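Each remark here refers to the structure printed beneath this line.
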Number of protein chains: 2
Amino acid sequence: MRYFGMPLSRSSIKNAAQARAQLLEAQDRFIASWGRMGSVWGISRTMAEVHALLYITGAPMCTDEIMERLGVSRGNVSMSVRSLLEWGVIEKVRHPGDRKEYFQAEQDVWSMLRAIARERIKREVDPLLDALDEIGELAPEVEGQSQEEIRELHKRLDEIRDGFGLITTLAHKFAGPRGAGLQTAAKLLAKAPVGRKKTHASKRSRKGGAS
Amino acid sequence: MRYFGMPLSRSSIKNAAQARAQLLEAQDRFIASWGRMGSVWGISRTMAEVHALLYITGAPMCTDEIMERLGVSRGNVSMSVRSLLEWGVIEKVRHPGDRKEYFQAEQDVWSMLRAIARERIKREVDPLLDALDEIGELAPEVEGQSQEEIRELHKRLDEIRDGFGLITTLAHKFAGPRGAGLQTAAKLLAKAPVGRKKTHASKRSRKGGAS
DNA sequence: CTCGATTTTCAGATTTTACTGAAAACTACT
DNA sequence: AGTAGTTTTCAGTAAAATCTGAAAATCGAG
């Protein structure tokens, strides 16, 4: 992904070519940002970029279009697309009379966020809880014997398990099929705002006309 | 970290040495699991392992003890410890009459989870929101002109921002200084359980006697 | 079934990230 | 100021993750 760095003056009369360039640059930047997030989350940059591209354009795209736009290899696109399908954040669409497969991103942000949350819990939390159960059995507490250290170990393991267990329960409510309800609950809970340092929460004020 | 793989029969009479070996193995396994999580989160395995070691033992430890137990270099421990201090999940403790620095993990799981959440939002969400604001300005919507694609772009950017904005607000309530209150709210919300496939939620039933 | 178009796979190359170890910096004490 | 114990830094190295490209597999139409 390369940028078109020409200085597009904000105040000049806007012609179609300029608007197009601006659109592409904005898309590229979104793709780059989402890709960077991907690395922070432990998924590959390309996978996140492919998703970003499909989301931000909204269009179904085939492998070659994706390769071209992101400048990555066919194999890389193939693997990224497969993972995204597993995450459930994109889907295949077929054009009749065309053998190519096209891919389109889930367009509803809340469905998308739920899918991401679901997958991250599966990767980040569930394995830990499984491990905690096993570990507890490695050093059994034996009645009568006062093994202070082993009692401490179990206490700590239990506390961690309780913490993540609660998080998982909440997240499943959010991410499960009935998760849409949580969106509402979340909005209610969010009543009294807390706010980030650099007041972003609502810098743009809905003029885009989102649903 | 190496494992002591001797087959410690569950049913045999337990002597002190065996109990010790079991304790160490259980600790090592916890350290390994937490370390693996660390990679999934995009922090270094060693950093997570150091934290796991300090948490699971509960003891203040100095650089040399950590190096020895985890089998990593001095420099690595130094850097990991610094990051953990920045995250706010461990603290320095000094023993009078001893020039070494000792480190001890935050022992309250909820404080720890809040610190982790705070740091992850800072790394994962805030930069994205910053970027979204900038990107919107790259391709301004101009009154009158019907630039359908640019309107679409803004709509999608706004939807993402709203989604993450809400998540951030909720998370700040959870992770902020007043976050302890959320623990209670969370428990309430969690009333009707959802449950994971392999029923872990409460396999061990509080006999460890957590606070 | 055959053929050309398309997708998948994976060994090896590349890039990114993490780690080591020793030198430099720091610190508390004399 | 001198010194010994301790921590930090960072250039170089090692390990891990990611990506490429071409061969193999798959697919759909005829």
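Labels below follow one simple rule: chain letters A, B, ... track the order of the sequence lines, proteins then strands, and each chain is numbered from 1. Treat the numbers as computed from the prediction; the structure is a model and nothing was measured.
For D:dT18, the OP1/OP2 oxygens have no side-chain nitrogen or oxygen of A:S44 closer than 4.0 Å. Side-chain nitrogen and oxygen atoms of A:T46 include none within less than 4.0 Å of the OP1 or OP2 phosphate oxygen of D:dT18. Of the side-chain N and O atoms in B:R45, one or more sit less than 4.0 angstrom from OP1 or OP2 of C:dC19.
Side chain of A:S83 to backbone of A:M79: a donor-acceptor contact under 3.5 angstrom is found. Although no hydrogens or angles enter the test, the distance criterion places a donor-acceptor pair under 3.5 Å between the side chain of A:H154 and the main chain of A:A139.
Straight-line distance from the CZ atom of A:R36 to the P atom of D:dT18: 17 Å, rounded to whole Å. The distance between atom CD of B:E65 and atom P of D:dT6, rounded to the nearest whole Å, is 12 Å. Look at CD on B:E49: it is 12 Å from C1' on C:dC19, rounded to the nearest Å. The nearest whole Å value for the distance from the NZ atom in A:K92 to the C1' atom in C:dT8 is 11 Å. Atom CG of B:L70 and atom P of C:dT20 are 10 Å apart (whole Å). With rounding to whole Å, B:D64 atom CG is found 11 Å from D:dT7 atom C1'. Rounded to an integer number of Å, the gap from B:M47 CE to C:dC19 P is 11 Å. Going from atom NE2 of B:H95 over to atom P of D:dT6 covers 14 Å, rounded to whole Å.
Under the 4.0 Å criterion applied to side-chain N and carboxylate O atoms, B:R120 and A:E124 are assigned as salt-bridge partners.
Going from atom CD1 of A:I56 over to atom CD of A:E49 covers 13.5 Å, rounded to the nearest 0.5 Å.
By the ring pair (Phe, Tyr, Trp, His ring centres under 6.0 Å) test, B:F30 is found to be paired with B:W34, residues two or more places apart in sequence or in another chain being considered.
Annotation: salt bridge (Lys or Arg N to Asp or Glu O under 4.0 Å) contacts involving residues 50-63 of chain B, sequence neighbours excluded, are absent. Residue pairs meeting the salt bridge (Lys or Arg N to Asp or Glu O under 4.0 Å) criterion with at least one member in residues 50-67 of chain B, sequence neighbours excluded: B:D64-B:R74. Here salt bridge (Lys or Arg N to Asp or Glu O under 4.0 Å) pairs that include residues 82-98 of chain A, with residues two or more places apart or in two chains, are A:K92-A:E101.
Residue-level contact check: A:S39 touches neither bases nor backbone, having no heavy atom under 4.0 Å from any strand.
Listed nucleotides C:dC19, C:dT20, D:dT7 differ in distance to B:E101; the shortest reach to its side chain belongs to D:dT7.
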Hey, what are the protein-to-nucleotides 27-30 of chain D N/O distances that come in under 3.5 Å?
from	atom 1	to	atom 2	distance (Å)
D:dC27	O2	A:R99	NH2	3.2

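For DNA chain D, the neighbouring residues in residues 73-85 of chain A, judged by any heavy atom under 4.0 Å, are A:S73, A:G75, A:N76, A:M79.
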Begin from the C-alpha positions of B:R161 and B:D158 and carry the test salt bridge (charged side-chain N to carboxylate O under 4.0 Å, His left out) through to its verdict. CA-CA 5 Å; B:R161 182 176 13 242; B:D158 284 346; 2.9 Å; yes
